[in-house]
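Below is one structure, written out as structure tokens; the observations come after it.
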Number of protein chains: 2
Amino acid sequence: MPLDDTLGALADPTRRAVVERLARGDATVGTLARPYPMSLPAFSKHLTVLVDAGLVRRSKVGRTVVCSLEPAALDDVAAWVAETTAFWHAAIDRLEHVLEEDT
Amino acid sequence: MPLDDTLGALADPTRRAVVERLARGDATVGTLARPYPMSLPAFSKHLTVLVDAGLVRRSKVGRTVVCSLEPAALDDVAAWVAETTAFWHAAIDRLEHVLEEDT
DNA sequence: GAGATACTTAACCGTCTGGTTAAGTATCTC
DNA sequence: GAGATACTTAACCAGACGGTTAAGTATCTC
């Protein structure tokens with residue numbers, strides 16, 4: 001289930017903030033990590049989670065590593081939420097129909 | 001961060017399936033649990049996660065417990081994804097602009 | 001009211017997660 | 001090529017997570 005990995009990756013404030021940051025443009029690992037009060041290895045592991053979830057791409061440029069957003073996985077989340085809420089609205093509509101018939 | 005709880009709750013296939021099921025209409029705990037090859041306590045804990053995330057409401061009816069979807073939390077997820085992808089598209093547009101100026 | 005039904009709570013257990021420090025690798029600079 | 005820079009990998013640790021069984025509570029049925 002790719003949605004498991006995607007949603008799991010986004011269920012962490014650090015990782016969600018990284019995705020938000022990358023939505024505004026690419027950045028190196030060092031730049032991304034600077035705001036967070038954790039060691040670089042810890043941050044690197046968060047990045048690995050995002051990469052494994054298909055949300056982020058790492059590419060080595062010289063001795064730095066540039067990260068960029070891979071928004072297809074985000075689209076999958078949007079699609080699932082949209083589909084589920086659509087079914088929910090349909091259920092609401094049916095319920096209202098029943099209530100109308102009842103009165 | 002309520003999004004932490006919401007996304008964390010949805011990062012599990014059982015819980016996501018329960019949300020999908022509830023989007024089609026309310027159901028009792030027993031009915032919801034039946035399809036899953038796990039003990040009732042295990043399933044009940046999944047429900048608790050969904051309730052704590054604000055996605056599901058439990059209400060006791062006689063000796064059964066009826067669950068219903070609380071889609072406001074789902075809306076928050078949709079809003080976050082929409083906002084993030086919007087920023088990403090804006091970044092793409094800026095990049096294309098730069099490329100145009102370059103040529 | 002005794003027993004069955006529909007759950008929840010409690011206690012426990014192995015595995016995954018999020019952090020640490022120390023060591024390794026690749027690249028740049030001098 | 002020696003040292004500094006930018007990371008990643010390895011090894012470890014405490015706590016959260018997903019499951020279990022056993023026991024508890026509330027309601028219905030007879």
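Lettering follows sequence order; numbering is per chain, from 1.
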key: Below 4.0 Å: OP1/OP2 of C/dC7 and any side-chain N or O of B/Arg58   =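 So the side chain of B/Arg58 is outside the cut-off, no N or O lying under 4.0 Å from OP1 or OP2 of C/dC7.
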
request  = Indicate whether OP1 or OP2 belonging to D/dT8 is found under 4.0 Å from a side-chain N or O atom of A/Ser44.
outcome  =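 Answer yes for this pair, as a side-chain N or O of A/Ser44 is under 4.0 Å from OP1 or OP2.
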
Would you give the length of the straight line joining atom [atom1] of [X] to atom [atom2] of [Y], rounded to the nearest 0.5 angstrom?
X: B/Leu22; Y: B/Leu50; atom1: CG; atom2: CG; value: 8.0 Å
X: A/Ile92; Y: A/Thr85; atom1: CD1; atom2: OG1; value: 12.0 Å
X: A/Asp52; Y: A/Lys45; atom1: CG; atom2: NZ; value: 12.5 Å

task = Go along nucleotides 15-22 of chain D 5' to 3' and tag each nucleotide: B for a protein heavy atom under 4.0 Å from its base, S when only backbone or sugar atoms are that close, - otherwise.
result = ---BBBBB

inquiry  = Each nucleotide in nucleotides 25-30 of chain C should get exactly one letter: B, S or -. Can you fill that in based on protein heavy atoms under 4.0 Å?
reply    = -SBB--

key: A/Cys67 vs A/Thr28, side chain to side chain contact (heavy atoms under 4.5 Å, CB included): CA-CA, chis, key distance, verdict   = CA-CA 6 Å; A/Cys67 299; A/Thr28 66; over 6 Å; no

key: Pair A/Thr31-A/Arg21, side-chain donor/acceptor within less than 3.5 Å   =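 Side-chain D/A pair, A/Thr31 to A/Arg21: absent.
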
Would you mind writing out the side-chain donor-acceptor pairs for residues 72-82 of chain B within the sub-3.5 Å range, not counting sequence neighbours?
{"unit_1": "B/Trp80", "atom_1": "NE1", "unit_2": "A/Glu20", "atom_2": "OE2", "d": "2.6"}

request  = Could I get the full list of side chain to side chain donor-acceptor pair (under 3.5 Å) partners for A/Asp4, not counting sequence neighbours?
outcome  = B/Arg16

key: With sequence neighbours excluded, residues passing ring-ring contact (aromatic ring centres under 6.0 Å, His included) with B/Phe87   =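 B/Phe87 satisfies ring-ring contact (aromatic ring centres under 6.0 Å, His included) with no other residue.
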
inquiry  = Given a 3.5 Å cut-off on both pairing distances, which stems involving DNA chain C, each at least three consecutive Watson-Crick or G-U pairs, are present, if any?
reply    =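 In DNA chain C, stems of three or more pairs: C:1-30 with D:1-30.
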
task = Take B/Arg57 and B/Val51, measure what side chain to side chain contact (heavy atoms under 4.5 Å, CB included) needs, and give me the verdict at the end.
result = CA-CA 6 Å; B/Arg57 187 177 37 212; B/Val51 169; over 6 Å; no

key: Over all atoms of both residues, closest heavy-atom pair of A/Ala23 and A/Leu69   =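 So the minimum-distance heavy-atom pair works out to CA-CD2, 3.9 Å.
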
Atom pair distance, as rounded to whole Å: [atom1] in [X] and [atom2] in [N]:
X: A/Leu50; N: C/dG18; atom1: CG; atom2: C1'; value: 14 Å
X: A/Leu32; N: D/dT8; atom1: CG; atom2: P; value: 10 Å
X: A/Arg34; N: D/dA6; atom1: CZ; atom2: P; value: 9 Å

Connected via hydrophobic side-chain network under 4.5 Å: A/Val65 and A/Val56 = yes

